[in-house]
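Computed over heavy atoms, backbone and side chain alike; hydrogens, waters and symmetry mates excluded. If you read the sequence from its start, that first residue is 1, and numbering goes on from there. Source: prediction; values computed, not measured.
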Amino acid sequence: MENTRRIRFSLDDGSEIIVQLNDNPAAEALYEMLPLELSFEDFNRTEKIAYLPEEIPSDGSPDQCGPDVGSLCYYIPWGNLCFFYQDFRASSSLIPLGQVETGAEFLAQLDLASRVAVEAADDETEPGHLAETSP
């Protein structure tokens, strides 16, 4: 990835979590899947997990990490995304995809949302941009 990529997780209550993606093939594959609509569930009172519509290829990406609060990862054996809201030990088969930039306070609520929309967030509208395109 040439540029820093960001993705937005929008909860149905209007809360948003912005993640800066890592520079690895798995993070790029997730970005290419967007937009997505996911449902999260709590796992082990440590992470919120959601299953993707297809597997993310793991070739060329780190296959272990020690996640901390705000880490977005992909667990290879189950094919799920995981957002850590508690620190966790280093684990194999866990690909680090990115880190929360803003909205970490909403991680513990992800499983309460009936749906979470996931989309690219690189093209944030700059002030004045709408004025140029509006009639």
So, for [X] and [Y], which heavy atoms are closest and what is the spacing to 0.1 Å?
X: D42; Y: R45; value: OD2-N, 3.1 Å
X: I95; Y: A26; value: CG2-CB, 3.7 Å
X: E41; Y: D111; value: CA-CB, 3.7 Å
X: A104; Y: V100; value: N-CG1, 3.6 Å
X: Q109; Y: L11; value: O-CD2, 4.2 Å
X: P77; Y: S93; value: CD-CB, 3.5 Å

- Query: Going through the checks in order, is the side chain to side chain contact (heavy atoms under 4.5 Å, CB included) test met by L36 and L30?
  - Reply: CA-CA 10 Å; L36 293 169; L30 173 62; 4.1 Å; yes
- Could you tell me which residues satisfy ring pair (Phe, Tyr, Trp, His ring centres under 6.0 Å) with F9, sequence neighbours excluded, listed by chain and number? F83
- Query: Residues in ring pair (Phe, Tyr, Trp, His ring centres under 6.0 Å) with Y85, at least two apart?
  - Reply: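 In terms of ring pair (Phe, Tyr, Trp, His ring centres under 6.0 Å), with neighbours along the sequence ignored, Y85 is linked to no residue.
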Is the shortest side-chain heavy-atom distance between [X] and [Y] below 4.5 Å?
X: D63; Y: S92; result: no
X: P62; Y: P96; result: yes
X: M33; Y: I56; result: yes

By side chain to side chain donor-acceptor pair (under 3.5 Å), which residues pair with [X], not counting sequence neighbours?
X: R89; result: S91
X: S114; result: D12
X: E119; result: R8
X: T46; result: none

From [atom1] ([X]) to [atom2] ([Y]), nearest 0.5 Å:
X: L21; Y: R5; atom1: CG; atom2: CZ; value: 8.5 Å
X: E47; Y: C82; atom1: CD; atom2: SG; value: 5.0 Å
X: F88; Y: L94; atom1: CZ; atom2: CG; value: 8.5 Å
X: D68; Y: Q86; atom1: CG; atom2: CD; value: 11.5 Å
X: C73; Y: Q64; atom1: SG; atom2: CD; value: 12.0 Å

- Could I get the full list of salt bridge (Lys or Arg N to Asp or Glu O under 4.0 Å) partners for D87, not counting sequence neighbours? none
- Can you pull the ring pair (Phe, Tyr, Trp, His ring centres under 6.0 Å) pairs that have at least one residue in residues 61-80, sequence neighbours excluded? F43-W78, Y75-W78
- Residue pairs passing the side-chain hydrogen bond (donor to acceptor under 3.5 Å, both in side chains) test with at least one member in residues 50-59, sequence neighbours excluded, are none
- Task: Could you name each residue pair satisfying salt bridge (Lys or Arg N to Asp or Glu O under 4.0 Å) that touches residues 76-86, not counting sequence neighbours?
- Result: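 Listed once each, the pairs would be none.
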- Note on the structure: Residue pairs passing the salt bridge (Lys or Arg N to Asp or Glu O under 4.0 Å) test with at least one member in residues 97-106, sequence neighbours excluded, are R6-E101
- Cluster link I49 to V116, ILVMFWY, side chain under 4.5 Å: no
- Taking a hydrophobic cluster as the set of Ile, Leu, Val, Met, Phe, Trp and Tyr residues connected by side-chain heavy atoms closer than 4.5 Å, whether directly or through intermediates, do L107 and F84 fall within one such cluster?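 Per the 4.5 Å side-chain linkage, L107 and F84 are not co-clustered.
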- Task: Test side chain to side chain contact (heavy atoms under 4.5 Å, CB included) on V118 and L38 and set out the steps.
- Result: CA-CA 8 Å; V118 187; L38 301 173; 3.9 Å; yes
- Could you point out which residue of L72, T4, I7 forms a side-chain contact (heavy atoms from CB on, under 4.5 Å) with Q20?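 The residue from L72, T4, I7 that satisfies side-chain contact (heavy atoms from CB on, under 4.5 Å) with Q20 turns out to be T4.
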- Item | Worked check of side chain to side chain contact (heavy atoms under 4.5 Å, CB included) between V19 and L97 | CA-CA 9 Å; V19 173; L97 297 176; over 6 Å; no
- Item | side chain to side chain contact (heavy atoms under 4.5 Å, CB included) evaluation trace for T102 with I17 | CA-CA 6 Å; T102 62; I17 300 168; over 6 Å; no
- Members sharing V69's hydrophobic cluster, built from side-chain contacts under 4.5 Å between Ile, Leu, Val, Met, Phe, Trp and Tyr, are none
